[in-house]
Each structure stands twice: as structure tokens, then as C-alpha cells.
Amino acid sequence: MTTHVPTVQRASPRTWVALAIMTLPVFMMANDVSVLFLALPAISADLQPQATQSLWILHVGELLGAGLVLTMGRLGDRVGRRRLLLIGLAAYAVASTMAAFSPNPETLIVARALIGVSVATISPSTFSLLRQMFPDPKQFSLAVAMNLSMFSVGMALGPPLGGLLLTYFWWGSLFLVNVPVALFALLTLPFLLPEYRDPGAGRLDPRSVLLSTVALVLVVYGLQELAAQGARPSLLTAVVVGALLLWLFVRRQRRLADPLLDLGMFARPVFAVAISLSFLMLLAASGADLFLVQFLQSALGLSPGVVGLLLILPAAASFVSTMLTPVLIRFMSSGAVVGSGMLLAAVGLVVVLFAAGSGTVWALMLGSTLVSVGGGPVMTLGSQLALSSVPMERTGSASAMGDVSSGLGQTLGLALMGSLGLAVYRISLSGSLPEGVSSAQGDVAGDSIGGAVAVSEQVGGSVGAAVREAAGSAFGLGLQVTAGAGAVLLSVAALVVLVLLRGHRADRPEEPEEGGSGDTA
């Protein structure tokens with residue numbers, strides 16, 4: 001019996017033009033994330049928000065985006081991914097304009113909430129459309145890599161661009177700069193993108209929407225604030241309640257004929273592994289990244305501008321390795337690409353571990369760059385495999401699930417790894433503070449290294465210098481512990497993935513599974 005080799009249609013030049021324009025919203029979203037912290041001091045001086053309002057300005061968009069992404073992914077499958085993308089772009093342009101000209105904190109909070117909702121529509125719509133636009137696996141891999149690489153570029157260029165805008169314009173320009181990008185995409189993409197919707201999709205289940213949104217918001221909020229404030233009962237309660245609601249959500253999905261999240265996707269081994277890759281990568285690296293930035297500024301005394309320039313190196317490395325992923329999968333199995341990437345990232349964390357002890361800047365940046373080089377193929381191939389391993393009508397939900405996995409990986413990484421490093425910092429610092437530092441000052445210094453620097457300046461003299469030296473040494477130890485823990489996690493994960501994805505080739509069309517419906521790639 002002869003084996004049928006499926007003929008796969010290759011993308012036209014028009015499709016590649018559409019992809020180039022689709023990368024602009026990805027750049028726009030990454031840029032928006034990276035510049036908000038730069039704008040906050042100017043916003044505070046102008047609008048004078050209360051402390052709680054400042055927190056809402058920072059986090060409301062992120063929380064709503066995380067909470068609604070599952071709903072928007074399934075909504076795109078139902079109403080059409082192109083339509084939802086265009087609605088999201090229009091909402092983003094309106095919300096960004098509203099944010100730029102906000103006369104008071106309340107208006108800015110509403111605008112940031114709308115930006116979060118629009119981002120939740122743009123991300124799953126963009127990535128799920130790629131599966132339809134690029135049926136050829138090799139071209140699909142390149143398309144995913146181009147989209148993800150633009151996120152790295154946006155994150156890297158966001159701070160320098162934001163600093164330049166704040167030098168010459170008001171804080172609203174940081175929001176307004178993205179409006180022309182959104183409008184250009186909104187005016188051109190309707191003529192370039194195909195439309196796709198799930199013809200068998202039913203109506204959205206309101207109870208599932210409510211359960212998933214509230215659950216994800218509570219979990220993400222609780223974990224983020226636990227990393228920032230420590231183990232407070234209210235935050236622990238938020239995480240527990242959110243986890244309980246997630247359990248109820250999963251239980252309900254099993255009973256629905258047309259669920260918001262098709263749990264049957266997880267029965268596909270490749271999808272289950274793929275969706276965990278970004279989670280594991282960010283879980284292992286987020287804590288060390290957080291500590292590294294603070295270590296460079298507060299312990300080593302580098303200015304924020306210098307740190308921002310140094311961090312362009314790992315971002316550029318991530319861009320290069322992401323774009324190399326389509327080449328790697330032509331010569332290596334999926335397990336080899338992902339396993340090698342995780343092991344290289346683990347080596348980078350080990351380099352950070354040793355460099356933190358000596359405070360050598362170039363070695364710290366070398367380690368961070370190795371983490372980015374290793375992480376690029378892991379994140380890229382994870383996204384590609386998640387989208388290509390499910391039926392076409394479920395790619396919106398698959399993309400949304402990838403966003404949830406990444407978000408939870410980062411928040412858990414900050415909460416767990418960050419809390420571990422902070423605990424080590426506090427324990428180490430408590431035993432090394434010099435005489436002349438009061439218990440109240442010791443408590444402030446133990447809260448964060450920024451607090452320790454403030455105490456050292458308040459005390460002054462040789463005692464202040466000793467406080468700063470002790471804090472730098474203790475924080476370096478915290479960085480070492482987070483980097484070491486992340487290296488161990490990635491090493492174990494690499495071995496598991498090498499086994500689970502052994503022999504799988506991402507550059508070949510997926511064979512339809514027994515009883516599968518609608519697999520086209």
C-alpha cells in the first residue's frame with residue numbers, strides 16, 4: 001500500500017504582506033507593556049492618583065487581559081478571527097487615545113481596562129489566523145517566529161522609545177504613539193486577511209465566561225501581589241478562591257456539549273506538552289530576571305539608563321534565536337530543539353549564579369543572554385506545536401490557552417521564585433546589618449534592596465556604607481538561589497521533554513488523529 005503524502009499549499013506574497021502588518025500590533029502590545037512603568041512618575045505628578053489608583057493604573061489592563069483571553073479565544077472561533085482582531089484593534093486605538101488625554105485617574109483606569117480587553121482579543125486572533133494563512137509547516141514555523149520576535153523587539157525598544165518621548169513630550173505620548181500603528185493595521189488588514197470561524201460553534205456559556213474570568217483574575221492578582229507584598233491572608237485567600245473557581249470551571253467544561261475550553265485538546269500529547277513549555281520557561285526564569293534588574297541597579301549602582309541599554313543584549317539574542325527556530329526544526333526533532341534550548345537556558349542561569357557572587361557585569365549579561373538564546377526556540381516551538389496539534393476550529397482556544405499558560409508561568413515565577421529569593425535576602429541581611437541600625441530601619445531594609453539603599457542614605461557614613469554592602473551581598477545571594485532553582489527546574493524539564501517529544505518533527509504536516517475533526521495541518 002502506498003503512503004499518501006499530502007500536498008500543502010504555500011502562502012502567497014499577499015499573505016506575507018499581511019503577516020508583516022500583523023506583527024505591528026504585537027510590537028505595539030509589547031511596547032505598551034514595557035513603557036508603562038516609565039510613565040507612572042509623570043502620571044502621578046500630573047493626575048495625582050491615590051496609591052490604590054496607581055496600582056489599578058498599572059495592573060487593571062493586565063488583569064482583565066488575563067481573565068478574558070480564554071473567552072476571547074473561543075469568541076474568535078465563533079464569530080470570526082479576522083472580525084475579532086479588527087474589533088480589538090479599533091478598541092485599542094480608542095482606548096489608547098482616551099488614556100493619552102485622561103484628565104483624571106478614574107478616566108485613565110477605565111482606559112487601561114479597555115486596553116486590557118482589546119489586547120485579550122488581539123493576541124489569540126493573531127496567532128490563530130497564522131494556522132489558516134500558512135498551511136505549510138515550514139512557512140507556519142517562520143510566521144510564528146516572526147510574530148514572537150516582534151514581541152522581543154517591542155520589549156527591547158519600549159524603554160528607550162519611552163524615555164525619548166518623555167524627554168520631549170507629555171506622558172500621554174506613550175499611549176498615543178501606538179494609535180497610528182493600530183489605525184494602519186485596521187485600515188489594511190480587512191483586505192489582506194482571510195476569515196475563519198467554527199461553523200459548529202454554539203453560543204458562549206455565560207457561567208463559564210464568568211467562572212474563567214473571575215478565577216484567572218483572582219489567581220493572577222493574588223500571585224502578583226504575594227510576590228510584591230508577601231504572604232498576606234487576603235492575597236492567599238484570593239489565590240485559593242481563584243483555584244476553586246478554576247476547578248468549578250473545568251468541572252463545568254466536562255459537562256457542556258460546546259465548552260468554552262475544549263479539554264479534549266489536552267488528550268493530544270503534543271498539545272499538552274507544548275502548552276507547558278512557555279509555562280516552565282517563564283516559571284524558571286522570571287524570578288532571576290526580576291532579581292537581576294534590581295541587582296544591577298541597587299547592588300552594583302548602575303543607572304536605569306545603563307541597565308536599559310544592557311538589557312537590549314538579551315532581547316536581541318532572543319530575537320535572533322527565535323528567528324533561527326524554523327531552521328533548527330528542519331534538522332532536529334522537536335524534543336531536541338526544546339530540550340537543547342532549556343539546557344542552554346539552564347547553563348545561562350548557572351552563569352548568573354556564579355557571576356552574582358563576584359558582581360561581574362559582563363558575566364551577568366552573558367548568563368542573561370544565554371537564557372534568552374535558549375528560551376527563544378522553547379517559546380516559539382511551544383506556540384507552533386500548540387496551534388498545529390489541534391483542529392482548525394480550535395486554534396483560537398489553543399492560542400488563548402497558550403497566553404494563559406505564559407501568564408501563569410510568569411506570575412508563579414515571580415511569586416514562588418521571587419519569594420524564595422526575597423526570603424534568602426531577608427535571612428542573610430538580618431544577620432549582617434551593622435550596629436547603629438535600628439530595628440525599624442532593619443525592617444525597611446529587609447523589605448527590599450531599594451529600602452536598604454534608602455536606609456543606607458539615611459544613616460550615612462561608614463554605617464550607611466556597611467548597610468549597602470551587606471544588602472548588596474544578601475541580594476546577590478537571593479539572586480544566586482533563584483538562578484540555581486531555575487537551572488534545576490529547566491534541567492529536569494529538558495530531560496522530560498526530550499523523552500515526550502522524541503522523534504516528533506515540527507516541519508512535517510500533522511497526521512489526523514483517530515476520531516479527530518478538522519485537522520488541516
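What you see below is based on every heavy atom in this structure, not just the backbone, and it leaves out hydrogens, waters and symmetry mates.
Closest heavy-atom contact between Phe134 and Phe140: O-CB, 3.3 Å. Listed here is the closest heavy atom pair of Gly374 and Leu344: N-CD2, 4.0 Å. Ala18 and Leu192 get closest at one heavy-atom pair: CB-CB, 3.7 Å. Contact between Ser286 and Leu282 at its shortest, heavy atoms only, is OG-O, 2.6 Å. In this structure, Ala487 and Val350 approach most closely via the heavy-atom pair CB-CG2, 3.9 Å. Residues Leu148 and Ser383 approach most closely at CD1-OG, 3.9 Å, considering heavy atoms.
Side-chain contact check for Trp16 versus Gln139: some heavy-atom pair is nearer than 4.5 Å. Within the 4.5 Å cutoff, no side-chain heavy atoms of Phe27 are placed close to those of Thr23. Contact check for Leu349 versus Val371: side-chain heavy atoms found under the 4.5 Å cut-off. At least one side-chain heavy atom of Gln480 sits under 4.5 Å from a side-chain heavy atom of Leu477. A heavy-atom distance below 4.5 Å is not found between the side chains of Pro377 and Thr322. Two residues are said to be in side-chain contact when any heavy atoms from C-beta on lie closer than 4.5 Å; Leu130 and Leu19 meet this criterion. Residues Ser340 and Met332 are in side-chain contact: their nearest non-hydrogen atoms beyond the backbone lie under 4.5 Å apart. Taking 4.5 Å as the limit, some side-chain heavy atom of Ser208 sits within range of a side-chain heavy atom of Gln253.
Of the inter-residue distances, the one linking Leu68 atom CG with Leu216 atom CG reads 9.0 Å to the nearest 0.5 angstrom. Note that OG of Ser334 is 7.5 Å distant from CD of Gln384, once rounded to the nearest 0.5 Å. Of the inter-residue distances, the one linking Thr325 atom OG1 with Leu142 atom CG reads 10.0 Å to the nearest 0.5 angstrom. For the atom pair OH of Tyr92 and CE of Met28, the computed distance is 5.0 Å after rounding to the nearest 0.5 Å. The line from CG of Leu490 to CG of Leu343 is 8.5 Å long, rounded to the nearest 0.5 Å. With values rounded to the nearest 0.5 angstrom, Leu193 atom CG is found 5.5 Å from Met22 atom CE.
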Met342 vs Leu280, test: side-chain contact (heavy atoms from CB on, under 4.5 Å). Steps then yes/no. CA-CA 9 Å; Met342 285 184 164; Leu280 291 170; 4.3 Å; yes

Does the pair Thr380 and Met323 meet the rule for a side-chain contact (heavy atoms from CB on, under 4.5 Å), with working shown? CA-CA 9 Å; Thr380 305; Met323 292 304 298; over 6 Å; no

In sequence, state the C-alpha distance, the side-chain angles, and the governing distance for Thr71 and Ser212, and then conclude on side-chain contact (heavy atoms from CB on, under 4.5 Å). CA-CA 8 Å; Thr71 300; Ser212 65; 3.8 Å; yes

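Results of the side chain to side chain contact (heavy atoms under 4.5 Å, CB included) test with Leu501 over Val496, Leu381, Val337, Leu385 single out Leu385 as the only residue that passes.
For Phe271, the ring-ring contact (aromatic ring centres under 6.0 Å, His included) criterion is met by Phe266, not counting sequence neighbours. Partners of Tyr425 under the ring-ring contact (aromatic ring centres under 6.0 Å, His included) rule, at least two apart in sequence or in another chain, are Phe475.
At least one donor-acceptor pair under 3.5 Å links the side chain of Ser128 to the backbone N or O of Ser125. Judged by distance alone, the side chain of Thr121 and the main-chain N or O of Ser118 form a donor-acceptor pair under 3.5 Å. The backbone N or O of Val373 sits less than 3.5 Å from a side-chain atom of Ser321, completing a donor-acceptor pair.
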Please output the side-chain donor-acceptor pairs of residues 354-367 that fall under 3.5 Å, not counting sequence neighbours, one pair per line with the distance.
| residue | atom | partner | partner atom | Å |
| --- | --- | --- | --- | --- |
| Ser358 | OG | Ala355 | O | 3.2 |
| Ser358 | OG | Thr360 | OG1 | 2.8 |

